[in-house]
J.: 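Okay, handing you the structure first.
We name chains A, B, ... by the order of the sequence lines, and we start the count at 1 in each one. Only heavy atoms go into these numbers, but all of them, side chains included; no hydrogens, no water, no symmetry mates.
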Amino acid sequence: MKKLLTTIGLLSSIFAQDGKLAVSILDFTGEDVKEKFLRACYQQLETSLIESNRFTVIEKSQRDELLKEQEFQSSGICDEACAVEIGKMVGAEYLMLGEIIGFADLYQVNIKIINIEKGDVAEKVTKQISGGMGELLNGMEEASREIVRRISSGGQAQQPVLQTGLPTAVQKTYGSVDISTDPLGANILIDGVERGVTPKTIADLEAGPHNLTLVYPGYERLQKRIMVEDGKTIPISEYLVPKTGSLSILSEPIGAQEFNPRTGQENYRSKTYFLIYTGFSIGALEEFYAESAFTDPNSPSNLLWTANVLDVSTNNTIPQIGIKFGGWNEGIGGELDISFLSHHTPAQIVYYDSHGQIFFPPTSEYPDGAYYPVGPDSVDLPDKFLKFKSFSFGGQVYLNVPFIKNMRPYIGIGLSFGMNNVSSDYPGPGSYAAKNILNFDESESLNTTDFGWGIELPIGIKYISYKKMLFSIEFRVSQKHISFVSSDAYQKEKDKTTLQTFQLNLGMGKLLE
Amino acid sequence: MKKINYHYFLILLSLQISIAGNNPVDSLPHNEMEVSTKKQVFKQYLLNSIPSSLFFGPYSFMFGVTLGGNSIVDGDSPFVANTKWLVTPLLAGFLVQAATHDIKNNILKKPTDVDNSTFYYSIFYIGPDISSIKEFKAEGADGRWSANLAEAEMGIDYPPLGYRTGFSTQRFGMDYEMSLLAHHTLKQTAFYNFNGQIYNKEYNIYVDLPTAMEIDLPAHFLMLHSMFMGINAYYVLPNFGITPYVGGGAGLLLNSVQSQYPGPANLAQEEGSLALDEMEMNWGYHGMVGFRYMKSESFYYLEFRPTFHNFQYNSGTGLLEENDQFMLQSFQFQFGIGTSIF
């Protein structure tokens with residue numbers, strides 16, 4: 001008695017949903033196909049049928065319960081007769097038998113739709129799908145839509161719509177059509193002319209064949225040929241199939257792993273981005289080395305003089321600015337960096353070591369010119385004595401430290417090349433120091449541009465927002481090797497130095513995918 | 001050096017003739033050519049365009065240099081002389097382009113594939129630059145003296161002009177480039193270091209000179225013309241509306257050095273003649289970083305290039321003959337238009 005009540009209850013719940021066809025799907029069978037693939041395909045078909053909102057799907061658990069209650073015995077392999085019997089027991093109007101055959105890189109999907117009332121195969125859908133599991137699921141989705149389409153039209157009351165034929169009347173006669181769609185609101189075009197939206201009855205249509213087009217945003221366009229009959233209203237009801245598209249997946253935190261059904265493994269997707277940054281820096285000229293462009297007249301293999309300074313402090317003239325283009329994979333990243341850095345020496349006293357002698361051109365005091373020995377000394381540099389502008393481009397590689405929520409810490413190393421401009425209101429260090437020793441006038445200014453290279457050591461954190469925006473904060477040690485020719489006349493010199501800066505940069509950019 | 005130049009030209013000519021001789025377009029009737037993919041058609045395109053560019057380019061360049069030199073001799077200004085120099089290779093370039101275009105349209109098959117993963121292009125560009133001579137070294141041919149100048153300022157009458165053709169995938173690109181460059185020294189006082197003894201014509205003796213020397217150079221003291229023929233390779237970075245890329249290139253230089261003065265060691269200007277008129281083969285290289293704004297069949301681009309071109313030649317006469325060498329360093333800002341070949 002309890003079993004009977006349960007059966008009645010389950011069948012009642014199935015038939016309680018009026019207007020919908022009751023369908024059920026038997027477990028998929030397969031050859032050379034993994035069990036989990038069969039289950040996934042079954043789920044795909046069931047989901048599509050439920051989402052169509054046209055069917056009452058008797059789910060596997062309900063079906064098994066009903067069969068169990070009615071003590072149905074199955075050998076495990078179910079043919080069409082067996083399917084009809086099961087369909088009757090569970091109260092389904094249609095029952096589907098699915099089979100998937102696997103080949104090397106190809107799957108054949110066969111789905112039979114059994115009409116339980118008639119006891120025969122109403123429809124059969126067959127698809128060949130090449131590729132992996134992803135392609136198989138996509139193919140199942142397409143097959144599901146096809147099944148929905150076929151059963152939907154077959155399940156409607158027989159519509160007096162003819163696919164072929166010509167009107168028999170010679171004189172003009174008129175009829176009408178009553179068009180309805182699921183979903184409602186589709187645009188109706190008859191022979192290319194807009195006739196409103198569904199549901200709608202369109203009267204005074206000339207009897208005979210017409211082209212009907214139904215358009216609804218986000219759904220596949222439906223086109224069919226209809227036959228209007230004299231003095232009759234033809235009911236037309238159509239199910240529109242939704243379009244499919246790609247899905248953008250965002251997660252909290254960013255960086256969730258995606259499952260690759262083909263390999264059965266988690267799949268990390270690399271990211272590419274661009275980022276604009278700016279910031280402030282402090283710096284110093286390390287190991288400033290200067291040598292005369294001339295040789296010693298008494299010893300041509302030796303230079304006339306050399307000088308070196310251990311350290312000269314510099315300040316940011318304007319904030320550095322740059323743009324990066326890069327990408328990262330699971331553990332490593334790389335980027336191209338184009339940047340502009342501007343520094344100058346502030347007012348300071350610089351102590352230097354020098355050797356050799358400097359040559360002074362003839363003056364009234366020294367008509368033949370003079371050589372003056374030099375040694376360790378100091379010079380009082382005015383503000384902005386040397387101004388550096390560096391436009392450089394280079395590459396950096398960095399290691400990613402594991403995620404902390406949406407933050408991605410990194411540490412790296414880089415190499416850069418570029419154009420270094422050195423300018424001054426004075427000719428250069430040698431001329432300026434010489435002027436301080438023997439007061440003679442030199443008024444040339446310095447403006448020279450040379451090629452240089454540098455090393456960058458960045459450490460920072462990138463933050464990824466939900467809208468794929470990228471923010472970064474970076475501490476960077478930068479060393480730019482600068483060489484240039486400066487000073488004037490007989491103090492002409494070649495200078496080499498390293499502009500070392502400690503930069504704090506803030507950046508903003510976007511992930512590109 | 002002249003012997004070396006002679007051999008260079010001989011090798012170049014042999015290469016041109018051998019490449020042209022192997023050109024299947026010349027040896028096959030049109031209907032027998034089985035070229036169909038863009039890649040194959042592009043190869044045919046290069047086999048047609050590069051030999052003719054390598055042949056006519058240098059000769060027109062040399063002819064242009066001669067015209068420019070004659071113009072100086074005729075008393076024209078350096079600007080007029082440079083204009084005459086420029087017209088000849090430009091005209092040759094135009095004719096080669098017209099012929100290549102005609103071959104592409106009428107002889108080569110149209111590609112039948114729809115593979116758009118590789119973009120085949122040709123570019124015309126202009127590239128103004130900031131330049132200077134670095135480490136000018138001169139040695140007396142008699143081996144008795146040497147001089148070196150750390151730096152000399154340079155200017156341009158016309159910005160460098162060039163042509164490039166190549167391909168670009170989503171990640172990598174390569175192209176062949178030919179360009180014309182003209183630079184000259186600006187008016188300046190150059191302070192140079194001197195060692196040794198130099199011949200004094202007036203007294204017919206060798207004299208000692210101080211190590212620290214200066215020389216007042218007039219504008220256009222040295223007039224440098226170059227034709228660059230080389231290869232560029234670059235890596236394409238992710239697109240964000242514009243497409244950035246970074247790379248480098250290297251190639252041969254056909255250099256011409258002209259002056260109304262025999263050489264740095266002899267500043268006696270020779271009116272109505274070119275005292276120095278040397279041509280040599282050398283090499284150069286450059287880095288490049290740029291951005292492209294892509295459209296369906298074309299692109300605009302802006303590129304920054306540090307370039308390094310080597311020069312080496314003989315100047316002076318008699319006992320004042322000398323060997324000179326230097327590097328011309330320039331920072332070029334190149335912009336141009338690229339169009340699809342297909």
J.: Does any non-hydrogen side-chain atom of A:L386 lie less than 4.5 Å from one of A:F288?
T.: yes
J.: Which residues pass the side-chain hydrogen bond (donor to acceptor under 3.5 Å, both in side chains) test with A:S478, not counting sequence neighbours?
T.: A:E456
J.: Answer whether the closest heavy-atom distance between the side chains of B:M223 and B:V257 falls below 4.5 Å.
T.: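 With C-beta onward as the side chain, the pair stays apart.
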J.: Any chance the rings of A:F391 and B:F331 have centres within less than 6.0 Å?
T.: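 Between A:F391 and B:F331, the centre distance exceeds or equals 6.0 Å.
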J.: Which atoms of A:F451 are under 4.5 Å from chain B, going by heavy atoms: the side chain, the backbone, both sets, or neither?
T.: both
J.: Are B:L253 and B:M281 close enough that some pair of their side-chain heavy atoms sits under 4.5 Å apart?
T.: no
J.: Centre of A:Y410's six-membered ring, under 6.0 Å away, within 45 degrees of the axis: is that where NZ or CZ of A:K462 sits?
T.: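 A:K462 over A:Y410 ring: yes.
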J.: Tell me if the CE atom of A:M469 is crowded by more than 12 foreign heavy atoms within 6.0 Å.
T.: yes
J.: With respect to chain A, which residue among B:P244, B:G287, B:A150, B:A190 yields the maximal number of heavy-atom pairs within a distance under 4.5 Å?
T.: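 Highest number of pairs under 4.5 Å: B:P244.
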J.: Checking A:I323 against chain B: side chain, backbone, both or neither under 4.5 Å from a heavy atom?
T.: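 For A:I323, the contact with chain B is made by the side chain alone.
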J.: Which atom pairs, one donor and one acceptor, sit under 3.5 Å between chain A and chain B?
T.:
{"unit_1": "A:T295", "atom_1": "N", "unit_2": "B:N193", "atom_2": "OD1", "d": "2.6"}
{"unit_1": "A:T295", "atom_1": "O", "unit_2": "B:T211", "atom_2": "OG1", "d": "3.2"}
{"unit_1": "A:T295", "atom_1": "OG1", "unit_2": "B:N193", "atom_2": "OD1", "d": "3.1"}
{"unit_1": "A:T295", "atom_1": "OG1", "unit_2": "B:N193", "atom_2": "ND2", "d": "3.1"}
{"unit_1": "A:T295", "atom_1": "OG1", "unit_2": "B:N195", "atom_2": "OD1", "d": "3.3"}
{"unit_1": "A:T295", "atom_1": "OG1", "unit_2": "B:N195", "atom_2": "ND2", "d": "3.3"}
{"unit_1": "A:T448", "atom_1": "OG1", "unit_2": "B:E151", "atom_2": "OE2", "d": "3.3"}
{"unit_1": "A:D450", "atom_1": "OD1", "unit_2": "B:K134", "atom_2": "NZ", "d": "2.5"}
{"unit_1": "A:D450", "atom_1": "OD2", "unit_2": "B:K134", "atom_2": "NZ", "d": "3.3"}
{"unit_1": "A:Y490", "atom_1": "OH", "unit_2": "B:E214", "atom_2": "OE1", "d": "2.7"}
{"unit_1": "A:K494", "atom_1": "NZ", "unit_2": "B:E135", "atom_2": "OE2", "d": "3.2"}

J.: What part of A:F417 lies closer than 4.5 angstrom to a heavy atom of chain B: side chain, backbone, both or neither?
T.: neither
J.: Does any non-hydrogen side-chain atom of A:F294 lie less than 4.5 Å from one of B:F194?
T.: no
